[in-house]
Amino acid sequence: MRLTTTTPLALALIAAGAFAAPALAQEQTPVIRVTATATVTAPPDEASITVGVVSEGVTAQEAMRANTEKMQRVMTELAAAGIPASDIATQSISLNPRYTNDRDGDSAARRIDGYEASNIVRIRVDEIDSLGGALDAVVTAGVNTINAIEFSIEDTSKLEADARAQAASDLREKAEQYAEALGTRVVGVISIDEQMGGRPMPMQRMEMAADSMSVPVSAGDVDVSVTLSGAFEIDEELSKN
């Protein structure tokens, strides 16, 4: 696990009554506002792949029948690879005419020249090491389109906690640095806002291998980040000096 931090900062020092209209002049708490982001990097433990079967036919029925037969073989291979039906979700099913142009002199007539059927599914694989074998199996069964592969971490709570703790430490440290530079000190926390961030990793490398080999896949790492924005109260008397 690797932890890195970045600290884009926005400083706002609001002096007492600095922006109050004369008729509404009132004491305002001097505040320093800062932002800090911490990122934790770890290897993924699950993957999501979007694959499908595209089939053609002279008639709509022929295209759809061919597509259904291939997709059934794909589902059988997925079950044999140990992937439960609950981890397979249909993303789209489509059937569209394929057109061509017939030329008669200077005119062109558009006509249907067949049909194309497609069935796209999203598959969750919770064992990264078995991903290459699963891809090889479904391609052998009839899959002819792979739209996306993303890697992620199923439970990011520990990584989020680590990133949050580091971001909070950086947030306080930066507030104190700015307060010291201004000749004052931090005396309290007014508010803290959090933004979560995560980045699924797209597949870095995939190559169709020989018939007797699995598809080689490199998973890379996944980033989990936490951004904190905080408002810190500073010593009012010192800030006036």
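- Residue Tyr99 is not grouped with residue Val58 when hydrophobic side chains (ILVMFWY) are merged at heavy-atom distances under 4.5 angstrom, including chains of intermediate members.
- Connection of Met64 to Ile120 is not established within any shared hydrophobic cluster, with ILVMFWY side chains joined at heavy-atom distances below 4.5 Å, either directly or through further cluster members.
- No hydrogens or angles considered: nothing links the side chains of Asp162 and Gln166 as a donor-acceptor pair under 3.5 Å.
- Using a distance-only test at 3.5 Å, with no hydrogens or angles considered, no donor-acceptor pair links the side chain of Thr156 to the main chain of Leu159.
- With a 4.5 Å cut-off on side-chain heavy atoms, Glu127 and Asp129 do not count as touching.
- Linking ILVMFWY side-chain heavy atoms closer than 4.5 Å, directly or via other members, places Val139 and Val121 in a single hydrophobic cluster.
- Shown here for Pro44 and Val222, the closest heavy-atom pair between the two residues is CB-CG2, 3.7 Å.
- Residues Ala63 and Gly57 share a closest heavy-atom pair of CB-N, 3.6 Å.
- The shortest distance between side-chain heavy atoms of Ile149 and Leu131 falls below 4.5 Å.
- For the pair Ser169 (side chain) and Ala165 (backbone), a donor-acceptor distance under 3.5 Å is absent.
- Counted by atom type alone, Ser225 and Thr39 present zero donor-acceptor pairs between their side chains at under 3.5 Å.
- What you find for Val189 and Arg172 is that their closest heavy atoms are CG2-NH1, 3.9 Å.
- Rounded to the nearest 0.5 angstrom, Gln195 CD and Thr35 OG1 are separated by 8.5 Å.
- When every heavy atom of Asp45 is checked against every heavy atom of Ile153, the shortest pair comes out as OD1-CA, 3.3 Å.
- Here the side chains of Ile88 and Ile83 are in contact, with some heavy-atom distance below 4.5 Å.
- Applying the side-chain contact (heavy atoms from CB on, under 4.5 Å) test to Val74 and every residue at least two apart in sequence or in another chain returns Val53, Met71, Leu78, Val138, Ala141, Val143.
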**Message:** Could you go through Ile49 and Ile146, starting from their C-alpha distance and side-chain angles, then the distance that decides it, and tell me whether this counts as side chain to side chain contact (heavy atoms under 4.5 Å, CB included)?
**Reply:** CA-CA 8 Å; Ile49 59 177; Ile146 300 177; 5.7 Å; no
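- Taking hydrophobic clusters as Ile, Leu, Val, Met, Phe, Trp and Tyr residues chained together by side-chain heavy-atom distances below 4.5 Å, Ile192 does not share a cluster with Val187.
- Atom CD of Glu194 has more than 12 heavy atoms from other residues, nucleotides or ligands within 6.0 Å.
- A continuous path of Ile, Leu, Val, Met, Phe, Trp and Tyr side chains, each step under 4.5 Å between heavy atoms, connects Leu228 with Val186, placing both in one hydrophobic cluster.
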**Check against side chain to side chain contact (heavy atoms under 4.5 Å, CB included), Thr90 and Asn119** = CA-CA 8 Å; Thr90 299; Asn119 190 331; 4.1 Å; yes
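- Of the N and O atoms on the side chains of Thr145 and Asn147, at least one donor lies less than 3.5 Å from an acceptor on the other residue.
- The distance from atom OG of Ser157 to atom CZ of Arg164, rounded to the nearest 0.5 Å, is 9.5 Å.
- In this structure, Glu173 places its CD atom where more than 12 heavy-atom neighbours from other residues, nucleotides or ligands lie under 6.0 Å away.
- Around CD of Gln91, the count of heavy atoms belonging to other residues, nucleotides or ligands within 6.0 Å exceeds 12.
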**Message:** Go through it in stages, so that I can follow the logic: the residues are Asp221 and Thr41, the test is side chain to side chain donor-acceptor pair (under 3.5 Å), and I'd like the CA-CA distance, side-chain angles, deciding distance and then a yes or no.
**Reply:** CA-CA 6 Å; Asp221 286 330; Thr41 301; over 6 Å; no
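- Contact detail for Val226 and Glu160: the closest heavy-atom pair is CG2-O, 3.8 Å.
- Across all their heavy atoms, Ala36 and Leu171 have their closest contact at N-CD1, 3.7 Å.
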Show me, pair by pair, the donor-acceptor contacts under 3.5 angstrom made by side chains of residues 111-118, not counting sequence neighbours?
| unit_1 | atom_1 | unit_2 | atom_2 | d |
| --- | --- | --- | --- | --- |
| Arg111 | NE | Asp102 | OD1 | 3.1 |
| Arg111 | NE | Asp102 | OD2 | 2.5 |
| Ser118 | OG | Ser94 | OG | 2.5 |

**Prompt:** For Arg124 and Glu150, what are the C-alpha separation, side-chain angles and deciding distance, and is it a salt bridge (charged side-chain N to carboxylate O under 4.0 Å, His left out)?
**Reply:** CA-CA 10 Å; Arg124 176 180 171 273; Glu150 292 184 346; over 6 Å; no
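- At a threshold of 4.5 Å between non-hydrogen side-chain atoms, the residues Val31 and Phe232 do not count as touching.
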**Message:** Apply side chain to side chain contact (heavy atoms under 4.5 Å, CB included) to residues Glu56 and Arg98 and explain how you reach the verdict.
**Reply:** CA-CA 9 Å; Glu56 295 181 345; Arg98 187 179 61 241; 3.3 Å; yes
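- The distance from the CG atom of Asp126 to the OG atom of Ser48 is 12.0 Å, given to the nearest 0.5 Å.
- One side chain, Glu46 or Ser152, offers a donor N or O that lies under 3.5 Å from an acceptor on the other.
- Side-chain contact between Glu180 and Arg185: absent, with no pair of heavy atoms (C-beta onward) separated by less than 4.5 Å.
- Sorted by first and then second residue, the side-chain hydrogen bond (donor to acceptor under 3.5 Å, both in side chains) pairs involving residues 68-78 (not counting sequence neighbours) form an empty list.
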**Request:** Begin with the C-alpha distance, continue with both residues' side-chain angles, and end with the deciding distance and a verdict on side chain to side chain contact (heavy atoms under 4.5 Å, CB included) for Thr29 and Ile190.
**Result:** CA-CA 10 Å; Thr29 302; Ile190 295 175; 4.1 Å; yes
